[in-house]
Amino acid sequence: MKKTSEIIISMQDICKSFPVELGGIQQVLFDINFDVHAHEFVAIMGPSGSGKSTCMNIIGALDTPTSGVYELYGRDITNMTADELAIVRNEYIGFVFQQFNLLSKRSVLDNVMLPLMYRGLPMSERVRRAREMLARVGLENFETYLPNQLSGGMKQRVAIARALAGNPKLILADEPTGALDSKMGNEILHFFKQLNQDLGITIVMITHEFDIAKYASRLIHIRDGRINYDGKMPKTDDKL
Ligand code: ADP
Ligand code: MG
């Protein structure tokens with residue numbers, strides 16, 4: 001396996017605009033440039049409205065930029081169709097969202113098996129792998145539960161097990177502790193750190209809080225759609 005030189009995410013002069021009323025446009029991202037290498041744990045931080053989720057949607061192949069080039073794992077995805085983007089997402093990325101995004105009528109086990117649906121694996125193999133992931137997040141005894149029978153922290157652990165089930169190169173988390181109290185939030189953040197350190201999974205986490213960002217080792221700080229800091233995690237956020 002190649003070491004840290006392997007580039008997972010390459011954002012090159014990325015701009016994003018949205019149409020607004022009266023035929024105008026609002027530019028949200030301005031010439032965003034950064035690379036993320038394999039095994040990094042990066043926090044993208046900025047105040048509300050700074051463009052973090054817009055950036056995450058592009059990184060996660062949920063949306064395409066207005067201009068610029070975005071390469072995910074060496075593949076230019078800028079001009080892919082919606083179907084091609086869906087395949088790239090399923091193959092490379094595990095998503096963790098603030099509101100968990102679990103299917104409420106499906107069991108914990110079904111939820112974790114979801115990313116494996118398109119992999120052409122036999123059912124027994126999907127079940128085996130989903131159980132392994134649930135054990136990894138400490139929820140092996142909850143596979144028959146429905147999401148609303150679980151606490152917020154447990155729901156987020158199910159979402160992490162689901163993200164891991166597809167064996168992604170990258171975990172993308174948008175405000176993953178935003179709906180949790182600080183104790184459960186810290187548990188989730190420790191867990192991310194462990195996944196990054198022990199399994200070498202690349203993690204990009206979006207947050208507006210420095211206390212959360214600082215679990216990562218690199219900080220990309222965005223303000224008004226522009227990067228104003230990209231480097232080693234600082235000790236404090238005084239200078240951001
Ligand atoms: P953050 O996640 O940092 O809070 P967002 O990326 O969600 O910021 O939003 C940044 C700006 O882009 C906001 O002004 C928001 O209104 C605008 N925006 C985001 N998505 C859209 C969209 N689909 N259409 C129009 N404007 C949008
Ligand atoms: Mg957001």
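Below, all heavy atoms of this structure are taken into account, side chains as well, without hydrogens, waters or symmetry copies. Please read all numbers here as calculations on a predicted model, not as lab measurements. Both counts, for ligands and for their atoms, begin at 1 and track the order of listing.
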Hey, does F18 come in under 3.5 Å of ligand 1, counting only N/O atoms on both sides? no
Residue S48, metal the Mg ion (ligand 2), N/O/S under 2.8 Å: no
Pick one of side chain, backbone, both or neither for how H208 approaches ligand 1, counting any non-hydrogen atom pair under 4.0 Å. neither
Aromatic ring pairing Y92/Y73, orientation class (parallel under 30°, perpendicular over 60°, tilted between): tilted
Closest protein heavy atom (residue, atom, distance) for atom 4 (O) of ligand 1: G49 N, 2.7 Å
Can you find an N or O of P19 that's nearer than 3.5 Å to an N or O of ligand 1? no
Protein non-hydrogen atom found under 4.0 Å from atom 15 (C) of ligand 1: no
Decide whether D174 and S53 meet the rule of one side-chain donor and one side-chain acceptor closer than 3.5 Å. yes
Can you tell me if P47 has a non-hydrogen atom under 4.0 Å from ligand 1? yes
Is atom CZ of R106 surrounded by more than 12 heavy atoms (other residues, nucleotides or ligands) closer than 6.0 Å? no
Side chains of D83 and T81: do they bring a donor and an acceptor to under 3.5 Å? no
Of all the atoms in ligand 1, which lie at a distance below 4.0 Å from a heavy atom belonging to S53? 1 (P), 2 (O), 6 (O), 7 (O)
Ligand 1 atoms in contact with T54 (distance to a heavy atom under 4.0 Å): 5 (P), 6 (O), 9 (O), 19 (C)
Student check: side-chain heavy atoms of I14 and D31 closer than 4.5 Å: no
What atoms of ligand 1 come within less than 4.0 Å of a heavy atom belonging to V28? 10 (C), 11 (C), 12 (O), 17 (C)
So, does G46 sit close enough to ligand 1 that a heavy atom of it is under 4.0 Å from the ligand? no
Between the side chains of E71 and R75, is the shortest nitrogen-to-carboxylate-oxygen separation below 4.0 Å, so that they form an ion pair? no
Minimum side-chain heavy-atom gap H37-I8 below 4.5 Å: no
Got the closest protein heavy atom to atom 8 (O) of ligand 1, with its distance? G51 N, 3.3 Å
Surrounding CG of N79 (heavy atoms of other residues, nucleotides or ligands, distance under 6.0 Å), is the total greater than 12? no
